[in-house]
Amino acid sequence: RDPLVVLPAGETTKSADNLFFLWERLAAQGLHRDDVLVVVGGGVMGDLGGFAAATYLRGIQLWQIPTSVIAQVDSSVGGKVAVNMPQGKNLVGTFYQPDRVLVDPCLLTTLPQVQLQNGLGEVVKYALLLGGNAFTDLQRKAAALLVPDPVTWSLVAKRCIEYKNAVVVRDELDRGERAVLNLGHTTAHALERTAGYGRLGHGTAVALGLLVALRVSEDLLGCSTLVREKTVELLSGLGLPTQMVLPETEVLMAAMNFDKKADAGGVNFVGLRSLGSPVVRLQVPEEILQTALKVIKA
């Protein structure tokens with residue numbers, strides 16, 4: 001019996017059907033609760049494999065070896081595992097911390113350029129959350145990230161992981177502060193859902209979502225327009241789009257309201273007062289959100 005399971009890349013792989021397939025393969029191997037499931041791959045594999053590890057025998061050991069930018073700087077750390085439904089992304093999942101996460105930036109040299117650039121949306125998110133020197137440092141290192149240079153990537157990944165880990169330690173189950181990590185994600189998930197999962201890269205969607213969040217922040221929190229202008233420059237320098245052809249406004253708004261970050265009070269947004277000063281659970285009036293979406297409309 002071959003213990004290796006290979007699944008196709010792409011967001012559509014993160015499905016209930018593939019979760020059941022993994023359960024069957026784990027059962028066929030006769031795994032015990034002290035056995036280990038090693039997940040090698042990007043965020044899709046980490047979410048799917050992590051959910052399988054969390055639920056098989058009520059939990060077996062899990063090691064994550066992330067191979068994509070998003071997985072290395074974000075999704076492999078924090079314990080969120082899930083699968084998608086047609087109605088939305090990550091709607092069925094749980095919290096299950098990995099026993100080990102092994103991050104090797106040299107693995108990023110195997111990525112196609114488009115995949116490397118896609119993941120940089122999450123890196124920019126952390127630069128906005130960290131503030132201080134993190135944003136300007138990322139601007140200086142942009143060219144090295146596109147190579148990619150493992151030494152530079154090690155420093156960037158370490159900074160992102162340390163920030164996320166500190167937040168997760170304080171709010172593991174996402175009851176409060178951890179919501180800061182959703183900066184840009186309400187719009188991002190809506191864009192992914194309306195485009196069809198797998199057609200728009202998650203990091204690319206996050207990049208666009210950050211610009212919408214910053215525009216909302218200007219209206220509701222007094223964030224300087226310079227922050228958004230500098231973010232547009234940074235995203236462009238990293239090869240990420242800052243505009244796209246959007247679906248009908250009503251369709252996009254409906255997708256935002258269905259996102260798992262929405263509550264009975266409306267769309268839950270994360271904004272910034274300034275670099276490094278996020279505000280969570282921001283209630284955004286529909287007219288302000290519609291105006292903000294225009295900044296990314298091609």
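Quantities reported herein were computed from a predicted structural model and do not represent experimental measurements.
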In the single-linkage hydrophobic clustering (I, L, V, M, F, W, Y; side-chain heavy atoms under 4.5 Å), do Val38 and Val103 co-cluster?
no

Using the rule given for side-chain contact (heavy atoms from CB on, under 4.5 Å), can you reason through Thr187 versus Met256, listing the C-alpha separation, both sets of side-chain angles and the distance that settles it, and then say yes or no?
CA-CA 6 Å; Thr187 302; Met256 286 184 173; 3.3 Å; yes

Judged by modelled atom types alone, do Glu122 and His185 share a side-chain donor-acceptor pair under 3.5 Å?
yes

Straight-line distance of Phe269 CZ to Gln283 CD, nearest 0.5 Å
11.0 Å

Sole residue of Val124, Thr242, Leu240 in side chain to side chain contact (heavy atoms under 4.5 Å, CB included) with Leu234
Val124

What distance do Gln290 atom CD and Glu287 atom CD have between them, rounded to the nearest 0.5 Å?
8.0 Å

I'd like to know whether Leu200 forms a side-chain contact (heavy atoms from CB on, under 4.5 Å) with Met244, so could you lay out the CA-CA distance, the side-chain angles of the two residues, the decisive distance to 0.1 Å, and finally the verdict.
CA-CA 11 Å; Leu200 180 66; Met244 69 173 286; 4.3 Å; yes

Closest contact, heavy atoms only, Pro278 versus Leu129:
CB-CD2, 3.8 Å

Neighbour count above 12 (heavy atom, 6.0 Å) for Asn165 CG
yes

Side-chain donor/acceptor of Asn84 to backbone N/O of Ser15, under 3.5 Å:
no

Report yes or no: do Gln139 and Glu233 form a side-chain donor-acceptor pair below 3.5 Å?
no

What distance do Leu220 atom CG and Ile288 atom CD1 have between them, rounded to the nearest 0.5 Å?
4.0 Å

Nearest non-hydrogen partners of Thr194 and Pro247, listed with the distance
OG1-CG, 3.7 Å

Is the number of heavy atoms from other residues, nucleotides or ligands under 6.0 Å of Glu248 CD greater than 12?
no

Leu37 side, atom CG; Gln61 side, atom CD - distance, nearest 0.5 Å:
10.5 Å

Which is it for Asp149 and Lys141 under the salt bridge (Lys or Arg N to Asp or Glu O under 4.0 Å) test, yes or no, and what are the steps along the way?
CA-CA 10 Å; Asp149 172 54; Lys141 292 176 177 175; over 6 Å; no

Separation between OG1 of Thr94 and CZ of Phe51, rounded to the nearest 0.5 Å:
6.5 Å

Ion pair Lys80/Asp47, N-O distance below 4.0 Å
no

Check the angle between the aromatic planes of His202 and His189 and answer parallel, tilted or perpendicular using the 30° and 60° thresholds.
tilted

Just how far is it from atom SG of Cys223 to atom CG of Leu275, taken to the nearest 0.5 Å?
7.0 Å

Say whether, by atom type as modelled, one donor and one acceptor occur between the side chain of Ser277 and the main chain of Arg273 under 3.5 angstrom.
no

Just list the side-chain donor-acceptor pairs under 3.5 Å for residues 205-215, sequence neighbours left out, or say none.
from	atom 1	to	atom 2	distance (Å)
Arg215	NH1	Asp219	OD1	3.0
Arg215	NH1	Asp219	OD2	3.1

On a heavy-atom basis, the closest approach of Pro66 and Leu102 is CD-O, 3.2 Å

Considering non-hydrogen atoms only, spot the tightest contact between Thr67 and Leu111 and give its length.
O-CD2, 3.7 Å

May I ask you to decide if Arg58's main-chain N or O and Thr55's side chain share a donor-acceptor pair within less than 3.5 Å?
no

From Leu246, Leu293, Thr204, residue fulfilling side chain to side chain contact (heavy atoms under 4.5 Å, CB included) relative to Leu191
Leu246

Verify side-chain contact (heavy atoms from CB on, under 4.5 Å) between Asp74 and Lys125, making sure each step is shown before the conclusion.
CA-CA 10 Å; Asp74 185 74; Lys125 177 194 80 174; 3.3 Å; yes

So does Arg175 get a backbone contact from the side chain of Asp171, meaning a donor-acceptor N/O pair under 3.5 Å?
yes

Would you find a donor on one side and an acceptor on the other, under 3.5 Å apart, between the side chain of Asn18 and the backbone of Phe21?
no

Taking all heavy atoms of Leu138 and all of Val123, pick out the closest pair and write down the distance.
CD1-CG1, 3.7 Å

Polar side-chain atom of Ser76 near backbone of Gln64 as donor-acceptor pair, under 3.5 Å:
no

Treating Glu177 as the side-chain partner and Val167 as the backbone partner, does any N or O pair qualify as donor plus acceptor under 3.5 Å?
no

Within one Ile-Leu-Val-Met-Phe-Trp-Tyr cluster: Val44 and Met85, side-chain cutoff 4.5 Å:
yes

Heavy-atom side-chain proximity of Trp63 to Val39 below 4.5 angstrom:
no

Is there a side-chain contact between Arg159 and Val73 in this structure, where contact means two heavy atoms from C-beta onward sitting under 4.5 Å apart?
no

Side chain of Gln97, backbone of Gly78: donor and acceptor closer than 3.5 Å?
yes

Just do the salt bridge (Lys or Arg N to Asp or Glu O under 4.0 Å) check on Lys14 and Glu11 with the steps written out, would you?
CA-CA 6 Å; Lys14 205 166 73 176; Glu11 196 69 36; 3.3 Å; yes

Leu108 and Tyr126: same hydrophobic cluster, using ILVMFWY side-chain contacts below 4.5 Å?
yes

Any side-chain heavy-atom pair from Leu116 and Val69 closer than 4.5 angstrom?
yes

Quick check: closest heavy atoms across Tyr96 and Ile60, and the distance to 0.1 Å?
OH-O, 2.6 Å

Would you check if Lys297 and Val245 make a side-chain contact, meaning some heavy-atom pair closer than 4.5 Å?
no

Are the side chain of Ser217 and the backbone N or O of Leu272 linked by a donor-acceptor pair below 3.5 Å?
yes

Could you go through Asn118 and Ile70, starting from their C-alpha distance and side-chain angles, then the distance that decides it, and tell me whether this counts as side-chain contact (heavy atoms from CB on, under 4.5 Å)?
CA-CA 8 Å; Asn118 172 54; Ile70 292 176; 3.9 Å; yes

Can you find a pair of side-chain heavy atoms, one from Asp99 and one from Val36, that are under 4.5 Å apart?
no

Do any N or O atoms from the side chain of Arg33 and from the backbone of Leu57 form a donor-acceptor pair under 3.5 angstrom?
yes

Single-linkage hydrophobic cluster, 4.5 Å side-chain cutoff, Trp153 and Tyr163 together:
yes

Hydrophobic clusters here meaning ILVMFWY residues chained together by side-chain heavy-atom distances under 4.5 Å, can you tell me if Leu145 and Leu235 are in one?
yes

Are Leu221 and Leu282 close enough that some pair of their side-chain heavy atoms sits under 4.5 Å apart?
yes

